[in-house]
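Read through the structure below, which is laid out as structure tokens, and then see the notes.
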2 protein chains.
Amino acid sequence: MLKFVVFSFLIVSASLAKDTQYTFDTKYIDIPLDHFSFTSNRTFTLRYLVNDTYFAEDGAIFFYDGNEGDISMFAQNSGLLFDMAPSFKALIVFAEHRYYGESLPFGNLSYTAPEYLGYLSSMQAMADFVFLINDLQKNYANPEVLEKLPVIAFGGSYGGMLAAWQKMKYPNSILGAIASSAPIWQFKGQNPCDSFYKIITDDFQTIGGDKCATTIKNSWEIIRTLAKNDSGKAELAKFWNFCTAFETDNDIDALVDWVSEVYAALAETNYPYPTNFLAPLPGNPIKEFCSKIDAYEYDDDKGLLKSIGEALQIYTNYTGTTKCNSLQSTSDVLGEDGWNFQACTEMIMPLCSKDDDMFENIEWDFQKYSDNCYKQFGIRPVNDEVPILLYGGKDLSAAHNIIFTNGLMDPWSGYGVLTNYSSDVLAMIIKDGVHHSDLRGGK
Amino acid sequence: MLKFVVFSFLIVSASLAKDTQYTFDTKYIDIPLDHFSFTSNRTFTLRYLVNDTYFAEDGAIFFYDGNEGDISMFAQNSGLLFDMAPSFKALIVFAEHRYYGESLPFGNLSYTAPEYLGYLSSMQAMADFVFLINDLQKNYANPEVLEKLPVIAFGGSYGGMLAAWQKMKYPNSILGAIASSAPIWQFKGQNPCDSFYKIITDDFQTIGGDKCATTIKNSWEIIRTLAKNDSGKAELAKFWNFCTAFETDNDIDALVDWVSEVYAALAETNYPYPTNFLAPLPGNPIKEFCSKIDAYEYDDDKGLLKSIGEALQIYTNYTGTTKCNSLQSTSDVLGEDGWNFQACTEMIMPLCSKDDDMFENIEWDFQKYSDNCYKQFGIRPVNDEVPILLYGGKDLSAAHNIIFTNGLMDPWSGYGVLTNYSSDVLAMIIKDGVHHSDLRGGK
């Protein structure tokens with residue numbers, strides 16, 4: 001079947017937090033709304049968080065390129081900066097990405113129409129960071145000690161893409177970049193669109209065993225068959241502990257998306273230790289999930305669905321306090337609408353799944369994708385080549401001093417830079433790592 | 001005194017043409033109005049000129065990055081592309097810069113208000129070129145012969161800046177760039193603001209002799225003194241053959257600007273052969289100008305002004321058909337309003353003159369500059385660092401395969417790249433060359 005695939009990284013980022021509480025001063029800076037056109041002098045207020053515990057004037061700036069969510073979420077889940085800061089006497093700065101968290105250029109109107117939302121773009125966000133870094137240099141660099149403080153940009157996932165691109169487009173703004181789990185090669189024709197789902201399938205097979213992946217693969221047809229009538233829809237909701245029954249075929253499509261995203265999230269966040277954010281999770285959640293599948297005995301199709309329903313509680317109800325599940329987004333710190341808009345304008349990243357993975361088939365159809373964008377936002381992507389035109393495709397000749405890190409079990413790693421590109425554009429592989437494992441730090 | 005200095009390159013480009021007529025097919029392409037924000041799907045029509053005389057599928061594309069004027073003017077004055085095209089089997093393309101010539105995104109409204117004019121920017125124009133090149137690849141590259149045609153960008157003056165920056169920001173769009181007379185280092189703090197006027201002064205001294213430069217230097221005080229009363233203003237208009245008398249002190253300021261720009265234009269276009277565009281000019285126009293000064297005998301201040309008036313005819317009336325002069329712009333192919341807008345937003349290039357050159361003193365005062373921008377366009381520059389933030393200042397680490405060419409007698413060369421930056425970012429000097437001498441070609 002065909003689905004509208006705009007797979008948010010946020011599902012991923014949602015499960016990153018550990019319990020550590022880092023402290024910051026919250027600051028704000030006025031920045032031009034539009035760096036590239038000049039219809040007005042309008043500015044907006046960007047939020048950023050600063051920790052100067054380790055900073056000295058002969059030190060550095062560690063600058064986190066915010067991504068698609070509230071910056072405080074990322075600031076609590078990127079311990080690597082704190083681990084490294086003492087050695088580099090680094091000022092730690094987490095810059096919020098425009099249109100997420102508190103950095104809403106038009107306040108409550110920001111998401112109401114393209115005339116307001118249109119200034120949400122990676123190109124604008126990167127220029128925001130360049131402006132902010134220029135300001136930080138004025139406030140923190142002491143020319144008698146260092147003319148300019150060396151700045152290292154950090155970013156994970158989409159933020160990693162921004163960090164890498166920032167070093168290419170604005171080489172003067174930063175000395176180098178650590179781009180963690182950045183799928184900068186997930187655009188038209190750059191990699192197979194099914195890598196994402198294939199890697200998840202491999203993860204489930206490797207960690208959870210064949211039965212687990214096979215159970216999931218077999219579930220789709222059972223779901224579709226059962227859901228053909230109302231009583232089946234009701235049963236399905238009951239098996240998987242949903243608060244309300246499913247009513248339409250669209251609901252079933254949404255359910256298939258929802259559970260596919262749960263599998264993806266389990267793979268992306270298969271950290272070896274418990275994590276806690278939207279969904280509290282045990283360490284090695286895929287293993288926990290598949291153990292439940294393995295342990296559940298059944299002898300018919302409905303039993304198979306029930307076994308999945310049982311296992312899903314690892315993700316939906318690890319603490320035992322969730323009464324029932326919902327297809328709605330579970331938190332307002334996620335910027336899903338924002339990311340979906342970005343995916344409809346610049347970040348056109350084909351995803352698909354085929355017969356040889358455990359997911360229901362998903363076809364990549366740009367025209368339908370475009371139609372859905374228009375329906376949702378009143379805007380279409382210009383074409384599916386925009387990101388390649390803007391960011392240069394596989395040509396990294398403008399890049400220097402970038403380290404791309406990828407965990408090979410992370411489904412996004414299929415679109416990352418996995419081998420050294422040049423003497424100063426390096427790839428680091430974390431064999432058992434998942435989505436920006438390294439950014440979380442060792443503490 | 002303080003003046004509002006937005007010195008248009010166009011004064012320069014105005015005198016470039018030779019009589020050769022190159023022929024082109026005129027083509028058009030629809031391009032997104034805004035590449036970096038997404039408030040609408042609005043597009044506009046960009047004009048470009050194509051000559052495929054020398055093109056073969058195993059050849060190349062020579063792509064001229066249009067600058068601030070009607071593209072047909074540049075297409076007739078850049079013979080270098082035609083000189084080189086046969087050897088490279090190159091398709092020759094001259095792309096018009098948005099908001100100049102016919103490429104007006106909002107038709108007659110384009111220049112009426114910031115909401116229309118605001119999309120005029122170098123960043124947008126460069127992305128236009130990237131889009132157009134992508135389209136050309138589809139139309140002209142034959143994948144069975146070459147997957148992609150190698151593209152070399154050419155540009156002169158501001159267009160040379162675009163060509164160089166395009167290679168840095170969009171390395172995948174072009175293989176290399178020839179950036180002729182491109183003052184990419186004429187932004188805040190990068191070079192002395194008085195280099196421009198100093199080089200002109202040197203040109204006049206070297207070519208025309210000390211008397212010529214001294215006469216000009218002495219003229220300013222005489223002009224200001226004479227113009228204190230109405231009869232003096234009238235005399236001045238008569239000495240320099242102006243159609244109407246000057247009435248206000250502002251007129252005299254404008255006259256000082258006008259004649260300063262004539263001196264600059266003589267230096268910029270001091271080609272060894274006659275040229276003909278807005279102002280037909282002899283070869284070596286500075287020499288011709290100064291010969292007139294030398295030959296004119298006088299014994300008082302008014303005589304000095306008359307001698308300049310006589311010499312000015314080299315520029316204003318070389319053919320003997322100009323009845324009288326005017327302070328107004330003399331041609332509508334010049335995009336002065338457009339350039340002034342760009343100079344008020346992105347291209348903030350400090351210019352000044354001091355005691356040791358032949359010009360009246362001009363102070364660089366960013367606040368007054370900004371005030372004048374607001375008065376003229378209803379928009380202020382964000383700050384004077386914008387171009388450095390956008391284009392990386394003197395850091396060319398993202399650059400590869402760029403040749404910067406400069407004529408050392410060109411006043412803009414004071415802000416160019418005059419020495420090799422790296423093994424593939426090279427500087428070529430034309431000792432006796434003026435403003436993009438090389439682009440004109442040898443024919």
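Residue numbering restarts at 1 for every chain, and letters A, B, ... go by the order of the sequence lines.
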Paired with A/Y116, the ring pair (Phe, Tyr, Trp, His ring centres under 6.0 Å) test is passed by just one of A/F377, A/F341, A/F106, namely A/F106

With chain B, the option among A/V386, A/I388, A/L390, A/L396 that has the most non-hydrogen atom pairs under 4.5 Å is A/L390

Counting heavy-atom pairs under 4.5 Å with chain A, the top scorer among B/Y119, B/Y170, B/F38, B/W165 is B/F38

So, the part of A/L117 with a heavy atom under 4.5 Å from chain B: the answer is neither

Evaluate the criterion side chain to side chain donor-acceptor pair (under 3.5 Å) for residue pair B/Q124 and A/S37; output intermediate values, then yes/no. CA-CA 8 Å; B/Q124 299 283 7; A/S37 296; 2.7 Å; yes

Exercise. Is B/N108 atom CG crowded by more than 12 heavy atoms from other residues, nucleotides or ligands, each under 6.0 Å away?
Worked result: no

Okay, B/S397 and chain A: the region with an atom under 4.5 Å from a heavy atom over there is both

Does the side chain of A/L162 come within less than 4.5 Å of A/S122's, by heavy atoms?
-> yes

(message) I'd like to know if A/E385 and B/K138 make a salt bridge, using a cut-off of under 4.0 Å between side-chain N and carboxylate O.
(response) yes

Below 30° counts as parallel, above 60° as perpendicular, anything between as tilted: where do the rings of A/Y111 and A/Y99 land? perpendicular

Between B/Y100 and B/W339, does the ring centre distance come in under 6.0 Å? no

For residues 41-48 of chain B against chain A, heavy atoms under 4.5 Å, the residues are B/N41

Residue from B/E115, B/R380, B/E346, B/K167 scoring the most non-hydrogen pairs under 4.5 Å with chain A is B/R380

Highest number of heavy-atom pairs under 4.5 Å with chain A among B/N134, B/V382, B/V130 belongs to B/N134

Can you confirm whether A/Y28 is buried at OH, in the sense that more than 12 heavy atoms of other residues, nucleotides or ligands lie under 6.0 Å from that atom? yes

Okay, B/P171 and chain A: the region with an atom under 4.5 Å from a heavy atom over there is both

Whatever's closer than 4.5 Å to a heavy atom in chain A on B/L120 counts as backbone

Aromatic contact between B/F154 and B/F63, with the criterion being ring centroids under 6.0 Å apart: yes or no? no

Q) What about A/H35 and B/H35, are their ring centers closer than 6.0 Å? A) no

If one checks every heavy atom of A/N383 against chain B at 4.5 Å, the contacting part turns out to be side chain

